[in-house]
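These notes are about the structure you will find just below.
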Amino acid sequence: MSRDHVQSAERHDAAAPALTGAESPFLELLARGASVDAYEQPVLLARAEGRPAETIAALEHAKLLALRVRAELEGRRRREAELSALFETAHDLAGLRDLDAVLQAIVQRARSLLGTDVAYLSLNDPVRGDTYMRVTEGSVAARFQQLRLGMGEGLGGLVAQTARPYVTDDYFKDDRFQHTHAIDAGVHDEGLVAILGVPLMLGHHVIGVLFAADRRARVFEREQIALLGSFAALAAAAIDTANLLTETRSALAGLERANEIIQDRSGVIERASDVHDRLAELVLRGGGVHDVAAAVSQVLDHTVEFTEAAGTPTAALEASRAEGHAVRHEDDWIAAVAAGGELLGALVLRGHPGLDPVDQRTLERAAMVTSLLLLARRSAAEAEQRVRGELLDDLLDVRNRDSRLLRERASRLHADLDATHVVLAARLDGAAADADQEAAARRRLWSAASHLAATRHGLAAARDGGTVLLLPLASGDTATEVARRTARHLGTAVHEAVTVGASAPVQDLAAHPDAVAAAYAEGRRCLDALRLLGRSGDGAAAEDFGFLGLLLAGDRDIAGFVDRTIGQVVAYDERRGTDLVRTLDAYFTCGMSPARTKDELHVHVNTVAQRLERVGRLLGDDWQEPARALEIQLALRLHRLSAPAQH
């Protein structure tokens, strides 16, 4: 507060009634930071109680003093926040590493301190002769975020052209600047009304504009314009610093490049010799595919991984197999690992887009060595697959097995029968030309399924013209997701469409081996349903078929169906004590007529409409479509039948 204001307040205080404890309630309001409206309460209370005029006058005087103190404190807090934000922004600029992060911080702080709905920053494009959006905060409209303003167009174009701040209380009623359809449409999409723009200056040149805007009419104060100008100065300094850093780095990179080229030539030759020796040693001592990947990673000084065919980008993998060379995919290089016509996987070099031709050939040779190692191990793997198949056959066919022996057999195969599993029935959908081709296709499917089971610590066996798999269910995974991944993986491995039906999750298989047979039957029903529905090559579980899933599921998971269909409405009633389920039931009973429903429930028709609107928000806009409505009605009836009887 200035000295003149203080003296004026003292003169006013001298003329005012003496305070006699009237300031106490206002001191309490100041102490807890109450709103301005709260300061009227002591005066209103005194009047309501019929206090003497002197007491009311003293309270009025104390109120005015308290409000002046509050305004002074608020002003100081605001200035401290502004100075703190400017200091933090300057600190960010001093340690500039990421220009976008610094500009985003500037825009965020400007929006916060000015209390506006939106803040954004645009930069001039000297090539196109206009200005474009660089950073936005609080914006929700895509068209607004992509705006480009010609010099002199819109408020921002005027600021960029004149190098002066401009503010408008109502953008669409302001004719000081040129309105264009594109700019007005973007501003309209964002819903902006009041806009303040200040220039970003480097010397005498404008490089952009910093804005603060509200979606309502507003008058920006002089202090707020000055504060936004300070942020604009910091933003301009950040951009200038980043440009200088970029130029410096570019110059250094140019100087270093020549030296790197000389060093790389000799380094490439040394790496080629090194990888040859390493791969030869790995083959001689019986190393695995991941050993090959690790050796090549060390030689190329980048991460190399062996990936399965299903987990590799399909187009790049097929191109590599067809060309016989490693191919680039985004920032990675992919070399197919193939044997004959079968894709076994790929070696993937991560994050190395600029691969040297010699290093590319090194990756290709490593892929060839990997395929040889896989072929060498296939015979051993097939023996293990037979053992896995025998264990799964026993679980499917033999009852009353010793649980301890089952666990021991599974443990030797790195499988855990105490974990939660999914039983999957898989079958080829392509028509074979003759019996020999059909038998060969089934063998390929069984081989691919057995390989998948071995890598996932599961079991696989040939059965009923297809294969059956027992795979563990990871935490957070679902039977549907496992079925779809398995269908994709097997289809990629055998180059034919494979349809997969999944059971619901099963547990305690060692203690209850008969559960495997029941789960397999459920998986086969899902498989048959997929084929009947024309979804060959897909994967699904009973839960994917809506109320039909109740017929497919072995355990008739009624509670699960009800929860998936109307669970959100039931939970809402339980939390809020509302009556949405009963309203929904009555709505369908009354032929989906709100008028008849309100008579059934003895409520106003508006109440019915409000409840149905809430149901729509919970279940989705399509809840009254015939298919959804049928499932919802079935779920309502099952919910009603499963509820405890009311006495």
Side-chain angles (χ1 to χ4, degrees), residues 275 278-280 282-283 285-297 300 303-329 332-350 360-386 388-389 413-414 426 428 430 440-460 462 467 469 471 485-498 500:
V275 77
R278 287 172 180 259
L279 294 179
L282 281 173
V283 173
R285 65 180 174 85
V289 294
H290 296 292
D291 296 324
V292 173
V296 180
S297 296
L300 299 183
T303 301
V304 177
E305 299 175 348
F306 174 77
T307 63
E308 298 178 4
T312 310
T314 304
L317 186 61
E318 291 291 348
S320 176
R321 182 176 67 161
E323 298 172 9
H325 297 291
V327 299
R328 180 177 170 182
H329 176 72
D332 302 335
W333 283 83
I334 296 174
V337 176
E342 183 180 358
L343 272 173
L344 303 175
L347 283 185
V348 181
L349 175 62
R350 303 288 187 191
Q360 181 180 343
R361 287 192 291 275
T362 296
L363 183 63
E364 293 163 358
R365 283 198 296 272
M368 184 180 299
V369 171
T370 301
S371 64
L372 292 174
L373 290 175
L374 290 173
L375 288 175
R377 283 170 170 73
R378 176 161 288 187
S379 58
E382 288 176 352
E384 180 183 331
Q385 290 167 5
R386 284 192 295 273
R388 290 179 181 275
L413 296 171
H414 306 291
L428 290 166
R442 290 181 178 179
R443 284 195 298 272
R444 289 198 305 274
L445 176 61
W446 174 77
S447 178
S450 298
H451 177 69
L452 175 62
T455 58
R456 301 287 174 81
H457 304 293
L459 304 174
T467 61
L469 297 95
L471 298 179
R485 282 200 305 270
T486 303
R488 289 195 300 269
H489 177 94
L490 296 179
T492 302
V494 302
H495 309 296
E496 291 187 38
V498 178
V500 177

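Quick caveat, the model's predicted, so the values are computed rather than measured.
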(message) List the residues meeting side chain to side chain contact (heavy atoms under 4.5 Å, CB included) with Ser297, not counting sequence neighbours, and say none if there are none.
(response) Val304

(request) State the CG-CZ distance between Leu490 and Arg485, to the nearest 0.5 angstrom. (result) 12.5 Å

(message) Can you confirm whether Val498 sits close enough to Leu445 that some side-chain heavy atom of one is under 4.5 Å from a side-chain heavy atom of the other?
(response) yes

(request) May I ask you to decide if His325's main-chain N or O and Ser320's side chain share a donor-acceptor pair within less than 3.5 Å? (result) yes

(message) I need the minimum non-hydrogen distance between Ala366 and Val292, along with the two atoms involved.
(response) O-CG1, 3.9 Å

(message) Is there a side-chain contact between Leu349 and Thr303 in this structure, where contact means two heavy atoms from C-beta onward sitting under 4.5 Å apart?
(response) no

(request) Of all the heavy-atom pairs spanning Leu317 and Ala346, show the shortest one and how long it is. (result) CD1-CB, 3.7 Å

(message) Using every non-hydrogen atom in the two residues, find where Ala316 and Ile334 come nearest and quote the distance to one decimal.
(response) CB-CD1, 3.7 Å

(request) Look up atom OG1 in Thr455 and atom NE2 in His489, then write down how far apart they are to the nearest 0.5 Å. (result) 6.0 Å

(request) Drop me the distance from Glu318's CD to Glu323's CD, to the nearest 0.5 angstrom. (result) 11.5 Å

(message) Any side-chain to backbone donor/acceptor pair from Thr492 onto Arg488? Under 3.5 Å, distance only.
(response) yes

(request) Using side chain to side chain donor-acceptor pair (under 3.5 Å) as the criterion, list what pairs up with Arg442, not counting sequence neighbours. (result) Glu438

(message) For a 4.5 angstrom cut-off between non-hydrogen side-chain atoms, does Trp333 reach Leu363?
(response) yes

(request) Nearest 0.5 Å please: distance from the CG atom of Leu469 over to the OG atom of Ser450. (result) 7.5 Å

(request) Calculate, to the nearest 0.5 Å, the distance between atoms CZ and CD belonging to Arg444 and Glu496 respectively. (result) 5.5 Å

(request) Nearest 0.5 Å please: distance from the CZ atom of Arg443 over to the OG1 atom of Thr467. (result) 14.5 Å

(message) Restricting to non-hydrogen atoms, name the atom on Thr307 and the atom on Arg350 that form the minimum distance, rounded to 0.1 Å.
(response) CG2-NH2, 3.9 Å

(request) Report yes if the side chains of Thr312 and Glu308 come closer than 4.5 Å at any heavy-atom pair, otherwise no. (result) no

(message) Any carboxylate oxygen within less than 4.0 angstrom of a Lys/Arg side-chain nitrogen, looking at Arg361 and Glu364?
(response) no

(message) On a heavy-atom basis, which atom in Ala367 and which in Ala335 lie closest, and how many Å separate them?
(response) CB-CB, 3.8 Å

